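Scroll down for the structure; my scribbles are underneath it.
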Amino acid sequence: MLPLPALLALTTTVFLGCLTEVLPAGLLLGMSEDLGVSPSATGQLVTVYAITTALTAIPLTGATLRVPRKRLLLALIFGFLATNLVIAVSSSYPLVLATRVISGALTGVMWSLVAGYAMRLAPPGLTGRALAVAMSGTPIGFALGVPAGTALGEFADWRWAFAAMALISVPLLAWVSAVIPAVPPESSRPTQPLAASRLPGMRPVLATVALFSLGHNVAYTYIGPVLAGLDAAPMPGAALLVFGCATVGGLVAVGSALDSRPRAVLVSCAAVTAAAILLLGISDGVHGLVLAAAGLWGLGFGGAPTAFQAVTALLAGPTADAAQSLTIAAWNGAVAGGALVGGLLLPLGTSSLPWCAAVLILVPLLFSRRVVLSVPVDRCRSRR
C-alpha cells in the first residue's frame, strides 16, 4: 500500500513549486502596471526562473547530496515561503527579479529531491505509482492552481496571489514534519551529477527529455498566435483549460503503466503529444478539432515529466538524486530554448510552429531502443 499521507505532502510541495514558477504569466498585466515595467519585462520573470533552474539544478543538487533529505525538503519549503512573501510586498522590479532567481534555484533542487524521495518511500513494485502521485502537483497546478491564482489576482490584487502561496507553505511545513519519514542522504562519497550522465542509457534519455520539452514549448509558448493564425483567436482560454484537465488523465495513465512498461510509456508520451500538435496544425480552426487536439496534447504531455524522472531513477539506481538534476536541467533549459526557437520561427508564419514542434518531439523515437531499461525500477530503493 502506498504511504499516501507522505506522498500527498510531496504532491503539495510540487504544486507549490509549479505554481511559484508559472503564476506570473497569469498576472502579467497587473504586475506590469504596479511594478512600472512593460509586459515583456514581466514575462521575463518566468523565463529567468526557468533558466536559473536549468543552470543551478546540477551544481546545487551535487552540493546538497550529503544533507539529510527531510531537512533539505523543509529548507526548500521555507525558501518558497520567504521568496513568495518578498514578492508579495515588494514594489521594486529588480528585487522581484532577484527573488525569482532565488526561487528558480530552489526549484531545481526541489524537483531532484522530491522524485527520489517519493520512490524511496514506496513499497516494491509501486515506485512508478508513488512518483505519479507526488508529481500530480504539476498538472493540478496547471489545471487548477494557475486559474485560481489568476482569478485571485484579478479579484483582489496580484500580491494576494503570491501571499497565498506563502501562506500555503506554513501548514505544509507542519505537514511534512509530521508525516514524512526521514531518509539518509547519499553515501559519504556520493556520485556527482556529471558522473551520473555517463551511466549506460542516460544520455539518450537526456536527449529525449530535452527534445520533448523543446518541441512542446515551441508550440505551447505561442499557442495564442498559433490559434489566431488558424482563425481560432477566441479559443486559447478553452483550449488551455481542456489541456490542463487532460494532463491529470495523462498522469494517471502513466502512473498505472510505468512500473511494468517504462519504455512503452516514454514512446507513447512522445507519439501522442506529437500527434496532438499535428492535429492542431491541420485543424483549420474548427473548434471541435482544436479542443480535441488540446485534450490529446494534455493526455500525452501530462505524464511525460513523471516518466522521464522515473526512467532516470531506473537507470541511476543508488545515484538517482544526482541523476535527477540532469533531467531537470535538460527540461528547463529546453523551456527557455523552446520560447527562443518559437520566437525565431514566428515571423515565418504561425503554421510552421506545430510542424517544427512535432518533428522535435518525434526525433527521440529514433534512438529510444538505446535507453537501457534492464534494471528493475525498485533498484532505487537500495539507497535506503
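All of these numbers come straight from a predicted model, not from anything done at the bench.
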Query raised in the report: Are side-chain heavy atoms of Leu76 and Val109 found at a separation under 4.5 Å?
Result: yes

**Report entry** Residue pair Gln309 / Trp111: nearest heavy atoms and the distance that separates them
**Finding:** NE2-O, 3.5 Å

Query - Audit row: Asp34, Ser91, side-chain contact (heavy atoms from CB on, under 4.5 Å) steps and yes/no - result: CA-CA 7 Å; Asp34 205 12; Ser91 58; over 6 Å; no

Query raised in the report: Looking only at heavy atoms, what is the nearest atom pair of Leu345 and Ser352, with distance?
Result: O-OG, 3.8 Å

**Report entry** Side-chain donor or acceptor of Thr64 paired with backbone N/O of Val67 under 3.5 Å
**Finding:** no

**Report entry** Criterion side-chain hydrogen bond (donor to acceptor under 3.5 Å, both in side chains) on Ser103 and Thr83, from CA distance to verdict
**Finding:** CA-CA 6 Å; Ser103 294; Thr83 53; 3.0 Å; yes

Query raised in the report: Is the ring centre of Phe243 less than 6.0 Å from the ring centre of Tyr220?
Result: yes

Query raised in the report: Among the clusters formed by ILVMFWY side chains lying less than 4.5 Å apart, do Ile361 and Leu340 turn up in the same one?
Result: no

Query - Co-membership, hydrophobic cluster, residues Leu74 and Leu16, 4.5 Å side-chain - result: yes

Query - Distance (rounded to the nearest 0.5 Å) between Leu172 CG and Ile77 CD1 - result: 4.0 Å

Query raised in the report: Do the side chain of Thr273 and the main chain of Ala270 share a donor and acceptor less than 3.5 angstrom apart?
Result: no

**Report entry** Donor-acceptor contact below 3.5 Å, side chain Ser213 vs main chain Ala210
**Finding:** no

Report task. Mark yes when over 12 heavy atoms from residues, nucleotides or ligands other than Phe78 sit less than 6.0 Å from its CZ; otherwise mark no. Result -> no

Query raised in the report: How about Leu73 and Thr13: do any of their side-chain heavy atoms sit closer than 4.5 Å?
Result: yes

Query - Verdict with reasoning, Gln324 to Thr61, per side-chain contact (heavy atoms from CB on, under 4.5 Å) - result: CA-CA 9 Å; Gln324 292 293 349; Thr61 297; over 6 Å; no

Query - Exam field: side chain Tyr222 to backbone Gly343, donor-acceptor pair closer than 3.5 Å - result: yes

Requested in this report: Before giving the answer on side-chain contact (heavy atoms from CB on, under 4.5 Å), spell out for Phe162 and Val86 the whole-Å C-alpha distance, their side-chain angles and the decisive distance to 0.1 Å.
Outcome: CA-CA 9 Å; Phe162 283 93; Val86 168; over 6 Å; no

Query raised in the report: In terms of hydrophobic clustering (I, L, V, M, F, W, Y; side-chain heavy atoms under 4.5 Å; direct or indirect links), are Leu4 and Met119 co-clustered?
Result: yes

Query raised in the report: Strictly by modelled atom types, are Ser32 and Thr42 linked by a side-chain donor-acceptor pair under 3.5 Å?
Result: yes

Query raised in the report: Does Ser283 reach the main-chain N or O of Leu280 with its side chain, forming a donor-acceptor pair under 3.5 Å?
Result: yes

Report task. Nearest 0.5 Å please: distance from the CG atom of Leu360 over to the CG atom of Leu214. Result -> 5.0 Å

Query - Transitive ILVMFWY side-chain link Val101 to Val37, under 4.5 Å - result: yes

Query - Spatial distance of atom CG (Leu152) from atom CG (Leu23) [nearest 0.5 Å] - result: 9.0 Å

Query - side-chain contact (heavy atoms from CB on, under 4.5 Å) between Met135 and Phe15, worked out - result: CA-CA 8 Å; Met135 292 301 156; Phe15 172 84; over 6 Å; no

Requested in this report: Measure from the side-chain N and O atoms of Lys70 to the backbone N and O of Pro181, and report whether any donor-acceptor pair falls under 3.5 Å.
Outcome: no

Query raised in the report: For the side chain of Thr350 and the backbone of Leu346, is there at least one donor-acceptor N/O pair under 3.5 Å apart?
Result: no

Query raised in the report: Which heavy atom in Ala57 sits nearest to a heavy atom in Ile328, and how many Å separate them?
Result: CB-CG2, 4.0 Å

Query raised in the report: Do Leu167 and Leu85 touch side chain to side chain, with heavy atoms closer than 4.5 Å?
Result: no

Query raised in the report: Are Asn84 and Ser169 linked by a side-chain donor-acceptor pair shorter than 3.5 Å?
Result: no

Query raised in the report: Looking only at heavy atoms, which two atoms of Glu21 and Val46 are closest? And how far apart?
Result: O-CG2, 3.9 Å

Query raised in the report: Does Asp284 use its side chain to pair, donor to acceptor, with the backbone of Val286 at less than 3.5 Å?
Result: no

Report task. Give a yes or no on whether the backbone of Gly104 and the side-chain of Thr53 come within a donor-acceptor separation of less than 3.5 Å. Result -> yes

**Report entry** Met110 side chain reached by Leu113 side chain, heavy atoms, under 4.5 Å
**Finding:** no

Query - Separation between CG of Leu81 and OG1 of Thr20, rounded to the nearest 0.5 Å - result: 10.0 Å

Query raised in the report: Taking C-beta and beyond as the side chain, do Ser256 and Val252 meet within less than 4.5 Å on heavy atoms?
Result: no

**Report entry** Least distance between heavy atoms, Arg203 atom then Arg198 atom
**Finding:** NH2-CG, 3.6 Å

Query raised in the report: Is there a side-chain contact between Arg69 and Arg120 (heavy atoms, below 4.5 Å)?
Result: yes

Report task. Report yes if some heavy atom in the side chain of Tyr49 is under 4.5 Å from a heavy atom in the side chain of Gln44; otherwise report no. Result -> no

Query - Whether over 12 other heavy atoms sit under 6.0 Å from Trp175 CH2 - result: yes

Report task. On the 0 to 90° scale, with breaks at 30° and 60°, tag the Phe301-His216 ring pair as parallel, tilted or perpendicular. Result -> parallel

Query raised in the report: If two hydrophobic side chains count as joined below 4.5 Å and joins carry through other members, does Tyr93 share a cluster with Val48?
Result: yes

**Report entry** OG-CG distance between Ser90 and Leu35, expressed to the nearest 0.5 angstrom
**Finding:** 7.0 Å

Requested in this report: Taking the side chain as every heavy atom from C-beta outward, state whether Tyr117 and Ile180 have any pair of such atoms under 4.5 Å apart.
Outcome: yes

**Report entry** Inter-residue atom distance Phe308.CZ - Leu131.CG, 0.5 Å rounding
**Finding:** 12.5 Å

Query raised in the report: Under 3.5 Å, is there a donor-acceptor pair linking the side chains of Thr312 and Thr327?
Result: yes

Requested in this report: Say whether, by atom type as modelled, one donor and one acceptor occur between the side chain of Arg159 and the main chain of Gly153 under 3.5 angstrom.
Outcome: no

Query raised in the report: Taking all atoms of both residues into account, what is the closest heavy-atom pair of Cys269 and Gly303, and its distance?
Result: SG-C, 4.2 Å

